Amino acid sequence: MTLQQTGSPHQFPTGSDAFPHRHLLGIAGLQPWEILFLLEEAKQWVDLNKKSSKHADRLDGLTVINAFFENSTRTLLSFEIAGKRMGADVVNMHAAQSSIKKGETLIDTAVTLNAMKADAIVIRHGSSGAVQLIADKVDCPVLNAGDGSHEHPTQALLDALTIQRRKGDISGLTVTICGDVMHSRVARSNIYCLTTLGAKVRVCGPPSLLPAALDRFNVEIFTNFDEALAGSDVVMMLRLQNERMNGDFIPSPREYHYLYGLTRERLALAKDDALVMHPGPMNRGVEIDSDVADDLNHSAITEQVEMGVAVRMACLDILTRKSRGVEGWS
Ligand code: ASP
């Protein structure tokens, strides 16, 4: 079924046909209406999160395990807040304190998590594909909170929701993603998400940080940031992922900033009302200047964080509908 066949973007296939997936491991392969359905569902939680009492009982009695094998601030906190606001018992497992450090294999960890009868497991892992491996071993839905340089689906969804709120329909917008694309799961998930929703995506960075396979994606490739910025509706900056770099990919952070840093002067090359985004954590003065990051006329960076909670609430809700016996989701 195509998006056109579903009628308006707000009319989705009903019941589990709206999102017929057991897990959320990536954006690749999702249909446009499945992405739009997740975004539409998240909107109710944006409203709830603005109230003084932020409690919903949808996940009452359920256990959500956040298993984070890699550091995180925003993603871990927002999954924890999302689960708690929905009424679930949320348990966080940090790899530094886990048996991984004692040499346990990923499969044994997966079997252990499964034996604890979680109703959903949220996983972040440093290796691409590790989340899929765990998903294959457990009985409950698994949500990928970032695996290596592969995918970070909830980041792309929260980015899409932020863009939708600021710009309306994503289809037809020109979005420039700039920086360390090679190591960025955020870039990969956003490329899938934005191109699926009909945006024109430009990808920019030094040749050393652009993956060779990029020409297989439906994107325009730039190495000159000024050229990429011309006419952009949205500028999404990426952090240099030093922790994933094996050797030197750039001459120096200073030179990188000179060529690829988002300065106020450079932002003027994009559309007048261009939206500036960054998934965080930011390296101020490297990929983005503070006066741009903090300029509320352009920057949506804190709104991205806000949308992250709502999107994660929606994902936890939707993926547990089957086990909760919600009508139409059996
Ligand atoms: N927080 C994002 C991630 O986990 C982006 C970053 O770390 O630069 O991939």
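We count ligands from 1, going down the list as the structure has it; atoms in each ligand are counted the same way. What you see is a predicted model, and the numbers here were worked out from it, not measured in a lab.
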| Ion pair present between R321 and D317, side-chain N to carboxylate O less than 4.0 angstrom? |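 Looking at D317 together with R321, the answer is yes, because their closest N to O distance falls below 4.0 Å.
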| field | Any pair counted as side chain to side chain donor-acceptor pair (under 3.5 Å), so long as it reaches residues 115-135, sequence neighbours left out | value |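 Residue pairs passing side chain to side chain donor-acceptor pair (under 3.5 Å), neighbours aside: T75-R124, R124-H152, Q132-D136.
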Regarding ligand 1, does [X] bring an N or O atom to under 3.5 Å of one of the ligand's N or O atoms?
X: R185; value: yes
X: R124; value: yes
X: Q155; value: no

| query | Does D57 use its side chain to pair, donor to acceptor, with the backbone of D60 at less than 3.5 Å? | reply |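 Between the backbone of D60 and the side chain of D57 there is no qualifying donor-acceptor contact (under 3.5 Å).
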| request: May I ask you to decide if D108's main-chain N or O and T112's side chain share a donor-acceptor pair within less than 3.5 Å? | output: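 Yes: the side chain of T112 pairs with the backbone of D108.
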| task | Establish whether F217 and V186 are linked, either directly or via other cluster members, by ILVMFWY side-chain heavy-atom contacts under 4.5 Å. | result |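 Yes, F217 and V186 fall within the same hydrophobic cluster.
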| said: In this structure, is the centre-to-centre distance between the rings of F12 and F37 below 6.0 Å? | reply: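 Distance test on ring centres: under 6.0 Å, yes.
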Show me which atoms of ligand 1 lie under 4.0 Å from any heavy atom of [X].
X: V186; result: 2 (C), 5 (C), 9 (O)
X: R239; result: 6 (C), 7 (O), 8 (O)
X: Q241; result: 6 (C), 7 (O), 8 (O)

| said: Tell me the nearest of S189, G280, P281, G179 to atom 2 (C) of ligand 1, using heavy-atom distances. | reply: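 Checking each option, the heavy atom nearest atom 2 (C) of ligand 1 is found in G280.
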